[in-house]
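Each remark here refers to the structure printed beneath this line.
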Amino acid sequence: MASAATTAAPRQSILRSDAAQKLLAFGALILIFAFFSFASPVFFTWENIKGILLATAVNGILALGVTFIIITAGIDLSVGTVMTLCAVMTGVAITNLGLPIPVGILVSLLTGIAAGSVNGFFISRMGIPPFIATLGMMMMARGLALVISGVKPIYFNDAPGFRNLTMGTLVADIPNAVIILFVAAIIAAFILGKTVLGRYAVAMGSNEEATRLSGVNVANWKTAVYALGGFFSGLAGVVIASRLNSAQPALGMGYELDAIAAVVIGGTSLSGGQGTILGTVIGAFIISTLTNGLRILSVPQEWQMVVTGAIVILAVYLDIVRRRRQ
Amino acid sequence: MKKVSLLLALLLVLVVMAGCAAPAAAPAADSDSASTSEEAAPADDAAAESDAAAEDDGIYIPVISKGFQHQFWQAVESGAEQAAADYGVEITFEGPETEAMVDRQIEMLQAALAKNPDAICFAALDTQAAIPLLEEAQSRGIPIVGFDSGVDSDIPVATAATDNVAAAALAADKMAELIGDEGQVAVIVHDQTSRTGIDRRDGFLNQMEAAHPNIEIVNVDYGGGDQLKSTDLAKAVIQANPDLKGYFGANEGSIIGVLNAITELGKEGEIVAVGYDAGAQQLDAIRSGVESGAITQNPVGIGYKCVEAAVKAINGEEVEKVIDTGFFWYDADNIDDPEIAALLYE
């Protein structure tokens, strides 16, 4: 029924619901900001806002990739550990092999794309459900990261420029990691809104069978979507390695859930066919703003988990209510 | 596209193979401490050739730890292997992937019991969950030796562990000394449920309350030992408390977060950072003065002492119930002393 409605009047209904969702999430972010600003004088300072922006970078970039995948009605549990694997590969390239920094970055991105493509292959060619395929990839990437690194962190002390990649400032006083997040988001929004890949992702998520029958090679395009998700994991791998000035092989578990939470809070529907990049970015900001603000108010961390969980539920519920009305 | 996918899969395999080759050059961390065991090593190699042979001829002791992928556990393992070589026994070393996997660890304990070992070394994630199996071991006359967080019951014949409460209290005293015995201090711990997390937090807080009444603890946070999350948490806390004078990180990941936060905010020298354990990044920070000092345990000693106690128990010798493997304060002054340097892993 829902799919019939979307195919009947695709353009208009998607536009309208997107706008509503953006407004909702954005309103929530403003509200949270206002609340913390009143509650504490240190919250609304540039130094602290910079901290929030920086804390959003890794999760935000991961969430960009997850957005595309969830729009196809899929899921990717592997983004966190694939990110770690990518970071480790960068460490191998730059520190162990002494290659230049740009090559290290390229290695990370290619590793991400490779892992994503393998995910896509498992899902679209072998018919393994996305949940299982990416669960398997999550474990494999974790294991590989540990094996390749020899279970030791790899440091970038021999490549002093590497840390500046994210912690330096090209524009005003904004750390580069934040610029990378915004540029990546703009590119993601362009891909989703203006390219065939984005349009097919939405189409596959709304009605895969109809998309297939209209002559689209669903298997190939789906693989491409997962490869794109892997690309963003690779980018996040560079950012986290640069910020920590090290590739930490034991990191990454649980990052996928934060990324999925950001996507869901941003209004992307887990049943596919609907979602926006702006919503995801706002969702990621809501999570890191909550973490930061509740820390500043010294609210016990246990409660922070409860609050974040409640917001995820509320966001999805509002989405359901809104769609029922339409 | 199918071909492309296959090619990419092939690439991944190649990547793995390249990676496997890479770390071969790396492991030389504790070459100085391993030298004593060289004479006994060949005998051990022979014994290691088959698991089945151990049941008849040699002594077999499974060591079940709380993890394997942190450098701390690797140091424990190297100590255990050293003792195994010195005493000519065979050991296996395993642990679950994360410290939350209580059930996985119980399975490992069960599998170890099934192999009919001569003794078991065990660092319980959750003692209560392990009690039935430990009772079974006891009734079969298999001695249990606890290590690290130990086993919270009467069953173990001995426990080799760091006294984390006392060690964290020492950290509190050093912190107080460094900040002039007054002002605000924040704490970041790896988690609120593990024995080491609880002991280090309480050891630090209780000592501050008892001996340093002018020091105010402003925040106690939990970063899961995750460097990135700990960094962002510590940054928020430092923002919220502009007068903060000291920050205690209760394990390696936690203190790395504190150090990153201090560096990113440009507060080097303004906040006294006190850490725990070692690792290359922490050692660098102590040498450069960003971190004032840290507590080190003796992970190699923990591994060595627990296997040693197990061998003694098998031979019917008397063993101490509690084997304190010791802890030390180190800072820029004594970091290169041989007796301290031997305890620090990169």
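In what follows, chains are A, B, ... by sequence order, proteins preceding strands, each numbered from 1.
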* **Contact class of A:Asn59 relative to chain B, heavy atoms under 4.5 angstrom** => neither
* Is the charged tip of B:Lys66 near the ring of B:Phe72: under 6.0 Å from the six-membered ring centre and within 45° of its axis? -> no
* So does A:Trp46 have more than 12 non-hydrogen atoms from other groups sitting under 6.0 Å from CH2? -> yes
* To do: Tell me, for B:Asn219 versus chain A, whether the close heavy atoms (under 4.5 Å) come from the side chain, the backbone, both or neither.
  => side chain
* Asked: Near B:Glu209 CD, under 6.0 Å, is it more than 12 heavy atoms from other residues, nucleotides or ligands?
  -> no
* Ion pair present between B:Arg287 and B:Asp336, side-chain N to carboxylate O less than 4.0 angstrom? -> yes
* Asked: So what's closer than 4.5 Å to chain B heavy atoms on A:Phe122: side chain, backbone, both or neither?
  -> neither
* **Engaged part of B:Asp284 at the chain A interface, taking heavy atoms whose separation is under 4.5 Å** => side chain
* **Side chain, backbone, both or neither of A:Leu244 within contact of chain B (heavy atoms, under 4.5 Å)** => both
* Asked: Of the listed residues (A:Ser288, A:Ser298, A:Gly252, A:Gly51), which shares the most heavy-atom pairs with chain B below a 4.5 Å separation?
  -> A:Ser298
* Salt-bridged, B:Arg201 to B:Asp191, with N to O below 4.0 Å? -> no
* Asked: Can you name the residues that form a salt bridge (charged side-chain N to carboxylate O under 4.0 Å, His left out) with B:Asp226, not counting sequence neighbours?
  -> none
* **Proximity breakdown for B:Gln192 and chain A, heavy-atom pairs closer than 4.5 Å** => side chain
* Using salt bridge (charged side-chain N to carboxylate O under 4.0 Å, His left out) as the criterion, list what pairs up with A:Glu47, not counting sequence neighbours. => A:Lys50
* **Contact winner vs chain B - A:Asn245, A:Val58, A:Asn292, A:Leu251, heavy-atom pairs under 4.5 Å** => A:Leu251
* Heavy-atom distances under 4.5 Å only: say whether A:Ser124 touches chain B with side chain, backbone, both or neither. => neither
* Asked: Can you tell which of B:Val237, B:Ile256, B:Leu233 has the highest number of heavy-atom pairs within less than 4.5 Å of chain A?
  -> B:Leu233
